[in-house]
Amino acid sequence: MPSLIRLDDLGPSDIDLVFALADAYRDGRGPVTAGCAVMFFPPASLRTRVTFERGAALMGLQPVVLPDTTLDKSEALEDVAEYLGAWADVIVARHRDLAVLEGLAAVDTVPVVNAMTDRNHPCEVLSDLWSLRQQSELGSLRFLFVGADGNIAGAWQEAARALQLDLVQCCPAGLRSPGARWTDDLETAIRSADVILTDGPGEHEELLAPYRITSALLDTAPTGARLNPCPPFLRGVEVSADAIAHPAFVGHAFKASLLPVQQAVMAFCLDLG
């Protein structure tokens, strides 16, 4: 059974299957199973943890939730995976180090779902893409990611490679993601963007202040453009308060998709499709 560590691991047909499973869960006809999902989450996790735990329970999996620091012990990851394989049907892990998830998945005894690392966040991006797919053909959309290289930027780059998306990153040159199509001209880029994505600036708040998305900028975007900042977002930092009040903002509604999409990811990894 497959793991989901990065979106580069999936082909378009795999993503189509995940989306079809998400459609089924949304409509109340998704596959159910009996089993156990062992999950590792830090205390601050909110949206991702709630939707994975709730989603597992709804599809018949007992969620057993442990702190992410459980994976930081000196025990070899192959031993952790071998032991969990006797009791768990799927592992869902949010951990800062992508190599930890890769180490668990390499044993190939139980599928592993990446619930976020410092390098990427595949399930978050899949849920956004599924939301967009309800409204538009993904291949017809022009995506603009405004922000520095990081886990959200990395996951969108993975998605762009997997699905051949038209994605441009906008930020200062020194903060761009390796290999990304890039511009530092936000005013021009937003005029042709159908989907505007942001992430928190972290340590780069001063450098990224000129790239804040405002209502005035959104007014220059194409008709029907959507603003989808990655939560937790801060009004007055990567987005202005009036941008969140703008009709283009879809953030809260889009995150409802985390529940069916994360159920779909677990079902895909359990070969329930």
Trainee: Is there a donor-acceptor pair under 3.5 Å between the side chain of W130 and the backbone N or O of A22?
Mentor: no

Trainee: Would you kindly confirm whether V195 and L7 end up in one hydrophobic cluster when ILVMFWY residues are joined by side chain heavy atoms under 4.5 Å apart?
Mentor: yes

Trainee: What I'd like to find out is whether the side chain of L163 reaches to under 4.5 Å of the side chain of I15, using heavy atoms alone.
Mentor: yes

Trainee: Quick one: do the R54 and Q262 side chains pair a donor with an acceptor below 3.5 Å?
Mentor: no

Trainee: Strictly distance-based, threshold 3.5 Å: is any side-chain N or O of T117 a donor or acceptor partner for the main-chain N or O of R119?
Mentor: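 Yes.
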
Trainee: Would L17 and V265 show up in the same hydrophobic cluster when neighbours are defined by side-chain heavy atoms closer than 4.5 Å?
Mentor: yes

Trainee: Between N120 and Q157 (side chain of the first, backbone of the second, donor and acceptor by atom type, cut-off under 3.5 Å), is there such a pair?
Mentor: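 Side chain of N120 to backbone of Q157: no pair is present.
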
Trainee: Decide side-chain contact (heavy atoms from CB on, under 4.5 Å) for F19 and V261; before the verdict, give the C-alpha distance in whole Å, the side-chain angles of both, and the deciding distance to 0.1 Å.
Mentor: CA-CA 7 Å; F19 287 165; V261 170; 5.5 Å; no

Trainee: P172 versus L208: any side-chain heavy-atom pair under 4.5 Å?
Mentor: yes

Trainee: Same cluster or not: M266 versus V18, using hydrophobic residues (I, L, V, M, F, W, Y) connected whenever any side-chain heavy atoms lie under 4.5 Å apart?
Mentor: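 Same cluster: M266 reaches V18 through Ile, Leu, Val, Met, Phe, Trp or Tyr contacts under 4.5 Å.
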
Trainee: Would you confirm whether D97, through its side chain, and A99, through its main-chain N or O, come within 3.5 Å as a donor-acceptor pair?
Mentor: yes

Trainee: Using the rule given for side-chain contact (heavy atoms from CB on, under 4.5 Å), can you reason through F52 versus R94, listing the C-alpha separation, both sets of side-chain angles and the distance that settles it, and then say yes or no?
Mentor: CA-CA 11 Å; F52 264 119; R94 176 169 173 169; over 6 Å; no

Trainee: I'd like to know if the side chain of T109 reaches the main chain of A81, judged simply by a donor and an acceptor atom lying under 3.5 Å from each other, with no hydrogens or angles considered.
Mentor: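 It does hold such a pair.
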
Trainee: Checking E102 against R6 for the salt bridge (charged side-chain N to carboxylate O under 4.0 Å, His left out) test, could you report, in this order, the C-alpha distance in whole Å, the side-chain angles of both residues, the deciding distance, and whether it holds?
Mentor: CA-CA 10 Å; E102 291 174 329; R6 51 173 63 82; 2.6 Å; yes

Trainee: Using only atom types and a distance under 3.5 Å, with no angle test, would you say the side chain of S140 pairs donor to acceptor with the backbone of S136?
Mentor: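 No, because the side chain of S140 does not come within donor-acceptor range (under 3.5 Å) of the backbone of S136.
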
Trainee: Would you call the rings of F249 and H252 parallel, tilted or perpendicular, where under 30° means parallel and over 60° means perpendicular?
Mentor: perpendicular

Trainee: So, do N151 and D199 sit near enough that their side-chain heavy atoms are less than 4.5 Å apart?
Mentor: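 SC-SC contact between N151 and D199 confirmed.
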
Trainee: Looking only at side chains, do T183 and D185 share a donor and an acceptor under 3.5 Å apart?
Mentor: no

Trainee: Indicate, with yes or no, if L270 and V112 share a hydrophobic cluster defined by side-chain heavy-atom contacts under 4.5 Å among Ile, Leu, Val, Met, Phe, Trp and Tyr.
Mentor: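 No; L270 is not reachable from V112 via cluster members.
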
Trainee: For H95 and N114, which I'm curious about, is there any donor-acceptor pair between the side chains at under 3.5 Å?
Mentor: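 On atom types as modelled, these side chains do not qualify, holding no pair under 3.5 Å.
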
Trainee: What is the minimum heavy-atom distance between Q169 and G147, and which atoms define it?
Mentor: NE2-O, 2.9 Å

Trainee: Counting only heavy atoms not in E206, do more than 12 fall under 6.0 Å of its CD?
Mentor: no

Trainee: Side chains of S177 and D149: donor-acceptor distance under 3.5 Å anywhere?
Mentor: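 Side chains of S177 and D149: pair found under 3.5 Å.
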
Trainee: Please check if the side chain of T69 supplies one atom and the backbone of D72 the other of a donor-acceptor pair under 3.5 Å.
Mentor: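 No, T69 side chain to D72 backbone: no donor-acceptor pair under 3.5 Å.
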
Trainee: Could you grab the distance from atom SG of C230 to atom CD of E124, nearest 0.5 Å is fine?
Mentor: 4.5 Å

Trainee: Do V107 and D79 come within less than 4.5 Å of each other through their side chains, counting heavy atoms only?
Mentor: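 Not touching, per the 4.5 Å side-chain cut-off.
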
Trainee: Would F143 and D194 satisfy side-chain contact (heavy atoms from CB on, under 4.5 Å), going step by step from the backbone distance to the final call?
Mentor: CA-CA 6 Å; F143 293 80; D194 301 304; over 6 Å; no

Trainee: May I ask you to check whether N228 and D128 show a side-chain donor-acceptor distance below 3.5 Å?
Mentor: yes

Trainee: So, does Q164 use its side chain to make a donor-acceptor pair with the main chain of R161 at under 3.5 Å?
Mentor: yes

Trainee: For L218 and L227, which heavy atoms make the closest approach, and how far apart are they?
Mentor: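 The answer is CD1-CD2, 3.8 Å.
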
Trainee: Keeping the roles fixed (side chain from D89, backbone from C36), state whether a donor-acceptor pair exists under 3.5 Å.
Mentor: yes

Trainee: Which distance, rounded to the nearest 0.5 Å, do you find between the CG of L129 and the CD of Q134?
Mentor: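 Spacing of CG (L129) from CD (Q134) equals 11.0 Å.
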
Trainee: Just wondering, are more than 12 heavy atoms of other shown residues or ligands nearer than 6.0 Å to CD in E78?
Mentor: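 Check fails, neighbour count at 12 or below.
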
Trainee: Is there a donor-acceptor pair under 3.5 Å between the side chain of Q263 and the backbone N or O of G55?
Mentor: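 Yes, the answer is positive, given that a donor and an acceptor are paired below the 3.5 Å cut-off.
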
Trainee: If you group Ile, Leu, Val, Met, Phe, Trp and Tyr by side-chain heavy-atom gaps below 4.5 Å, do L66 and M39 land in one group?
Mentor: no

Trainee: Quick one, V250 and L132 - any side-chain contact, counting heavy atoms below 4.5 Å?
Mentor: no

Trainee: Return the CE to OG distance between M116 and S45, rounded to the nearest 0.5 Å.
Mentor: 7.5 Å

Trainee: For the atom pair CG (L141) and CZ (R133), what is the distance rounded to the nearest 0.5 Å?
Mentor: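 Reported to 0.5 Å precision, the distance equals 12.5 Å.
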
Trainee: Taking C-beta and beyond as the side chain, do V146 and I213 meet within less than 4.5 Å on heavy atoms?
Mentor: yes

Trainee: Kindly indicate whether the side chain of D184, heavy atoms from C-beta on, has any atom under 4.5 Å from the side chain of Y211.
Mentor: yes

Trainee: Taking C-beta and beyond as the side chain, do R47 and P232 meet within less than 4.5 Å on heavy atoms?
Mentor: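 Yes - at least one pair of side-chain heavy atoms lies under 4.5 Å apart.
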
Trainee: Rounded to the nearest 0.5 Å, what separates atom SG in C171 from atom NE2 in H204?
Mentor: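 The distance works out to 9.5 Å.
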
Trainee: Just how far is it from atom CZ of R26 to atom CG of L21, taken to the nearest 0.5 Å?
Mentor: 12.0 Å

Trainee: Atom CZ of residue position R176 - does it have more than 12 heavy atoms of other residues, nucleotides or ligands inside 6.0 Å?
Mentor: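 More than 12 within 6.0 Å, yes.
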
